[in-house]
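Order of the sequence lines sets the chain letters (A, B, ...), proteins ahead of strands, with each chain counted from 1.
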Amino acid sequence: MDNAEVAEVLQEIGTLLEIQGENPFKCRAYYNAARTIETLAENISRLVEEKRLGEIEGIGEALQTKITTLVETSHLPYLDELKASIPAGLPDLLKIPGLGPKKVKAFHLELKISSLEELENACKDGRIAQLKGFGEKTAQNILDGIEQIKSFQGQHLYSDAIDRAEEIASLLRQHPDVIRVSVAGSLRRSKEVIKDIDILASAKDSTDIMNAFCSMDGATKVLSHGTTKSSVLLEGGLQCDLRVVQDSQYPYALHHFTGSKEHNVAMRQLAISKRMKMSEWGLFQRPALEDEGDGNLIPCTDEADIFDQLGLEFIPPELRENLGEIEAAKEHHLPKLVEWSQLRGCFHNHTTETDGRSTFDEMVQCAEDLGFEYFGLSDHSRSSTWVNGLSIERLLKQVEQIRKHNTKGGDCHIFTGVECDILKDGSLDYPDEILAQLDYVVASVHSITGMTEDEMTRRIIRAIENPHVTMLGHMTGRLLLKRDAYPVNVQKIITAAAKTGTWIELNSNPLRLDMDWRHWKTAKEKGVKCVINPDAHHYSQIGYVRLGINIARKGWLEKKDVINTLPFVEIKKALLDKRKKMNR
DNA sequence: GCCGTTTTCGGCCCGACTGTTTTCAGTCG
């Protein structure tokens, strides 16, 4: 059993205990242990083997015993007992925003509710509203929540699917009958949320490949098994489709199955205008007369040939959304998209001083290992008490620690910063004279998100009008497939950021990817700089910036648009200029 | 459940918001 699996079991125990009404601190002990183990650098089975579990903070005797049993037998009787005592559908109810263990327990005790469906019915027929302590509004909120959950069903995060997809593609690549393989579909286009994994392969004969695909490890159910298309369900409910074509058809099929649908439609229209016909099977010269069949195939060896035949520059998969890419490709004006290797550092990172799980030294070491020229530390500000936000004294102490670290030299310069809460009225969480002592400030909203769009927009704009604010963190607060963005007028904020010279963050946490890629083209046109940040709470998360790069590419961003592609000397100047511009 | 120069019990994160009821419990971040 690996760390992630152990963590999952502990997490599940925590949830079940909460529903049982256990001591909240006991539940938290399980959650904390799960989080610690999930992000542990060492292999958990090794720690068990060497009897070193007790060295981990937050894992006492009881947890040591349970984890040992779990690792040694891949099984935990305690979990079985817990599960048996609670209806299987109850934990699902906790996913509804606004519902915690107490309410879920009340529904079960008072109304014998034990599934989403039963809860939905109870809301609709008025039983929830009649319950003591509940009312019409609660019932409606629950119904809205259930609706939201339903809309998220069958969708998956890009980050949850991409590794699995690459694994399957590489497995297929090893098959002797396979000629070419690629991940296609929305994954290839770097969409933040996807419905399924699409893989395309070419081969002379597909029979054996399809057999191997349908019986591979991790395929829990075969949905269809044919010679050109097969589908399986993977663990976790993700569907994976494999299409196999002749190698001569591969470029056309790859373009077709990469999509998007909207891009394909526009491409086919373009083909028609050039007396051609385009489909998943090929690009054809249209015959003079309609009844002369498909016409002659225009041979293409790869996707670039197809674009070339249509008089277009090669369009990178990320841009294929029919949002102007075809027009730009016609004029050879496509952006030269930013690349991972061009990133020189990043700014939004946490340490154990607040809610990070890696120490200052661990974070810095990882930044150096990644080859960064600079790295910014920005722990939470004092209002964020639930994550042990920094008092002024602790903040200044951290600044001192960083300055001292930098005097040692080293390849990676550490910038002093803070992730400063934007308070309800748009003011910041520290006085200006404190903020002035930092190299930079990330301003973010973390609380009181139930405002109107107007109020929230004004609040954020007021915050970025403070000359000490360098960048705006996770603009909309969304958590993909979990929580919608709070209402905010993105266009107005982009305009304000352009005016004040404030950088906008592209938060690379796989759940956030905020600001959304759909807005970056506008931001870029208005001259707003993007800063790609990992929002790392553990050193292993600094690498999230790679995902951020994918999204930046999807947002048409080039090297010049992403400020943290600047080398150290220039970024240092940019940080100073930012303040100067505002103080002018 | 964990932890301990408060050392074997008692504290562990707390302020704001929501929906309810009319003073507060539950949830969230």
Checking contacts here: which listed nucleotide (B/dC17, B/dC12, B/dG29) is nearest the side-chain heavy atoms of A/K424?
B/dC17
Touch class at under 4.0 angstrom, heavy-atom based, for A/I59 against every strand present:
sugar-phosphate
A/I56 has an atom CD1; how far is it from atom P of B/dC3, in whole Å?
11 Å
Can you list everything that forms a side-chain hydrogen bond (donor to acceptor under 3.5 Å, both in side chains) with A/K137? Sequence neighbours excluded, please.
none
It should be established whether A/K103 places a side-chain nitrogen or oxygen under 4.0 Å from OP1 or OP2 of nucleotide B/dG19.
no
If you check every side-chain atom of A/A62, which of B/dG26, B/dC2, B/dC12 has the closest atom?
B/dC2
Does a nitrogen or oxygen in the side chain of A/K137 sit under 4.0 Å from OP1 or OP2 of B/dG19?
yes
Distance below 4.0 Å between A/R483 side-chain N/O and B/dC28 OP1 or OP2
no
What nucleotide among B/dG29, B/dC12, B/dT27 has an atom nearest to a side-chain atom of A/K102?
B/dT27
Indicate yes or no: does A/E362 engage A/R357 in a salt bridge with an N to O separation below 4.0 Å.
no
Give the nucleotide from the list B/dC3, B/dG1, B/dA16 with an atom nearest to the side chain of A/E57.
B/dC3
Looking at B/dG19, I'd like to know if its phosphate oxygens (OP1 or OP2) sit under 4.0 Å from a side-chain N or O belonging to A/N141.
yes
Does a salt bridge link A/E50 with A/R46, judged by any charged N lying under 4.0 Å from a carboxylate O?
yes
Value in whole Å for how far the C1' atom of B/dG11 lies from CZ of A/F25:
7 Å
Would you say B/dT20 has OP1 or OP2 under 4.0 Å from some side-chain N or O of A/T138?
yes
With A/T522, which residues qualify under side-chain hydrogen bond (donor to acceptor under 3.5 Å, both in side chains), at least two apart?
none
Length of the line joining A/I422:CD1 and B/dG29:P, which is rounded to integer Å
17 Å
